[in-house]
Each structure stands twice: as structure tokens, then as C-alpha cells.
> 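A single structure is presented below for examination.
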Amino acid sequence: MAGERPVRRLGATTATLLVVASMVGTGVFTTTGYLVRDIGNLPAVLFAWLLGGVLALFGALAYGELVAALPHNGGEYQLLTRIYHPSFGFVAAWVSLVVGFSAPVAASAIAFADYLNAATGVETVSSSTQAVALIVALTAVHAARVTWGGGFQNVFTAGKVLLIAAFIVGGLIAGDLGRVGRESTGSFGDAILSFELAVGLIFVSFAYTGWNAATYVAGELRRPERTLPLALLVGTTLVTALYVGLNVVFLAAAPAETLAAAEERVSHAAAVGLFGEGAASVLSAIIAVGLVSTVGALVMTGPRVYEAAGRDYAALRFLTLRREGGGPVVAMLLQSGISVVMALTATFDELLTYIGVTLSLAAGLTVAGVFVLRRREPDLPRPYRTWGHPVTSAVFVLLMAWMVGATVVSRPTVSLVSAGTIAAGFLLYLFARKGYSAADTTARS
């Protein structure tokens, strides 16, 4: 039914696990090798992962205030529309479609197939076919009924957390923690202030991407003014603990030069160093199971952004179509269709090249909105106010600017592609704006 408002069926547990599922994907298992190679100092590598978690937490604190005050589906789309201008919100929705969801869905589905093949040692069908099958299956589950999708996410995400926790415990027992101090190069102080760490944080921030996932389903949460901040804070804190623990295990598992040489296969090298070749299959199985919930979370959350845009733009009204009790069917099919094309035509590395810097821009602009909205609408009801503001919000915005600036200097091609994506969004807005008819967001439900 087109235009039907979503019903608030989702609770705090689903919202929290949605944050966890969206965050714990391929990034944490593939980026530490690059950090070891580029930064050298192993305590500084751990510092980068901890700093990434702190940044995500600061961002979650700010998003918690914004979405508790404006508890509607759409994430950055509805926030930037209200805070700045409809064009900013439209571009955020466009970036979400291409960069924030479709590309990560395809990349995670490809990674799922690769890890599944590594775990079983058998490839009966191609990785791309397995990736497409996963995307289609999860789209069907989430489109059928909202409660089915929520229950599915809860089960798979809980399993993912338990498996990673078990690997961390086993790794701490079997690993050599002394390596973290013995095998570092350079000083810790120089490393944490280095250009290399700033660029490395882009990779780390990609691994933490998803800490704002619950904001995309705010319009379907029961008691969002309480549920949203709680889910964002608990989910982000849990993932930060898992990431730091997992990276301690990685650094304790094998010599630094081995990890650096392994690059994106750092988790495989760590498993072999800890438990032998057989352990690589076990870790691959853990990652494959985790990626099922990651793809599911992206399939569940992304279409809510396009659905929200469809309510505001006549030309996009078809994106609001839902079946009774189900998710936004057309929006899900659009995202999954793009993801399928990407999975069939692009490589994992190509899909991830420009995601981090583009999403960092959107997140920084949204968190800056706390300052703007407090000044412009001081009387807006705020059931939750950002802890530590303005310090936490300012630190987040400044560090995002530092990371993006470092990437522009060191990776100009990636930066140009990101700029082109944003420019394309503004051009599309010029065509769609004639049909813009959004009601005041405070009236949405």
C-alpha cells in the first residue's frame, strides 16, 4: 500500500542488535594488516581502533539527540532535510543508496561467499551466484514481514557476537601478548600524530560504519525517545569492546611482518598463527555467519531512507509501497537490484574504495547539526540531550574533517569519485524538487 505510515513494531533489543549487525562486517577482519604496514607501531594500531570506537560513540551520542527529537524513518535524509535544506537530505538519500547501502550489501555478500567457500573447502557454485542468492533471500525475508526480519536479525547477530567473543577468549589464551610491545617500530607519540594514522582512521571508520543504523528505522520503534539513544550507545560500546579485543588477538597471533604482508587476509594469518591451518576454516565460518546478519541489517535499514524520500517527492512516491505488515517492497527491490548488479560486475576492493570518505562527510555534517538545531530551535522537545556536548560533538566533527582532509591529499582519485557522487546527487535533486511536498517533520509519525 503506497503512502501507508509504518507501524511501531520494533523494540530495544532489535534496535541494539541492528546496530551491532550493521557494524560488525568485513572491515574489522580485513584492515588491520594495512594499519600494521602503514603505521608500524602496534600500540598505535590499537589506539586507532579505540579512537574509532570513541568517534563512533560520540557520533551515536549526537545522533541520539537528533533522532529522539525527530523520531522518524530516514536517518540522515530526514535529519539533513530538517536541519539544513531539502537538497542536503536528498543528496544524503542518494549517497545512502549508492555508497551507504547498495555497495556494502554487494561487498559483504561477495565476502560471505568467499568466506563460505574457504570454510567448506568446496565451491559448488560461483561466489557471485552465492552472493546474489544471499541478497535475494534476505530481501524476501525483510520484505515479507517486519517482525520476521527483526527476529532473523536478533538470532544471527547474537550468534555472531558469541562466536567472535569465543575467538577472542581463545586467542588471548593462545597468543603472545608480548608481541605488541616487542615488534613495534617508531614511537607511540609520533605514530598517533602521523599522517598515516589519519588515513588509517578512514579504514577504521569503515569498519565502524553502521553505528547509526537504528536511526533508519526510528519510525518503526516503540518508544523511540528512549529506545534510540539506548540502542545507539549500547550497540556502539559493545562493538568497540569486540573490535579492540579482536585486534589485540590479531597482534598477538603472528609476527608484525606476517600481518603486514597478509594485508586484507590478516584474520586468516592470525588464525593460522594461533591455532594452525585448520583454524582458518573455523574463522572463515565465523565471518560467513556474521556477514549474513550484516547483509540482512543493510537490506533492512537502507530502504527506509528511500521510502522516506518517496513520501516527500512525487516522482519517488513508488518507493513508499508496502505490503501489509511488511517492509517497503519497492525500495528494497531497488536497493537489492543495484547490489546484485554490483555483485556480478565489480570486485570487493573496487566496491570499498570510496565508501569511507563519503560516509565520513555525511556523518560529520549530521553531527554538526546538533549545534545548528539547538541554536535555531531551542524550544524543540528533546527527550534526550547529547552527553558531553559541545565537546564530544566538536571532537567528532574535527576528527572527521582531519580524516577527510588527509584522504583528499593522499588519495585524490578516490576524493574525486566521492565528489562526483555528491555532485550527481545535487543534479538529481534539481530534477526531483518540483514534486517536493514534505510536511513539517515534526508532524511525521
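Everything numeric in this text was worked out from a predicted model, so none of it was measured.
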> Does a side-chain N-to-carboxylate-O contact under 4.0 Å join Arg382 and Glu377?
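Not counted as a salt bridge, because no side-chain N and carboxylate O are separated by less than 4.0 Å.
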
> Quick one, Asn41 and Val45 - any side-chain contact, counting heavy atoms below 4.5 Å?
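They are not in side-chain contact.
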
> Using ring-ring contact (aromatic ring centres under 6.0 Å, His included) as the criterion, list what pairs up with Phe88, not counting sequence neighbours.
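If we apply the ring-ring contact (aromatic ring centres under 6.0 Å, His included) test to Phe88, skipping adjacent residues, the hits are Tyr84.
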
> Are side-chain heavy atoms of Ser393 and Phe371 found at a separation under 4.5 Å?
yes

> Report yes if the side chains of Leu138 and Leu298 come closer than 4.5 Å at any heavy-atom pair, otherwise no.
no

> Quick one, Thr240 and Leu57 - any side-chain contact, counting heavy atoms below 4.5 Å?
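With C-beta onward as the side chain, the pair stays apart.
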
> If you round to the nearest 0.5 Å, how far is CZ of Phe426 from CD1 of Ile422?
7.5 Å

> Taking atom CZ of Arg375 as the centre, does the number of heavy atoms from other residues, nucleotides or ligands within less than 6.0 Å exceed 12?
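Open.
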
> Would you check if Val99 and Trp94 make a side-chain contact, meaning some heavy-atom pair closer than 4.5 Å?
no

> Strictly by modelled atom types, are Asn117 and Gln130 linked by a side-chain donor-acceptor pair under 3.5 Å?
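Result is yes, a qualifying pair exists.
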
> Under a 3.5 Å distance rule, please check whether Tyr63 uses its side chain to pair with a backbone N or O of Phe58 as donor and acceptor.
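No; zero donor-acceptor contacts below 3.5 Å.
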
> Do Leu55 and Met403 have side chains that approach each other closer than 4.5 Å (heavy atoms only, starting at C-beta)?
yes

> Can a donor-acceptor pair be found, under 3.5 Å and without considering hydrogens, that links the side chain of Thr366 to the backbone of Ala362?
yes

> Can you label the angle between the Tyr429 ring and the Tyr313 ring as parallel, tilted or perpendicular, going by 30° and 60°?
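Rings of Tyr429 and Tyr313: perpendicular, as their planes differ by over 60°.
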
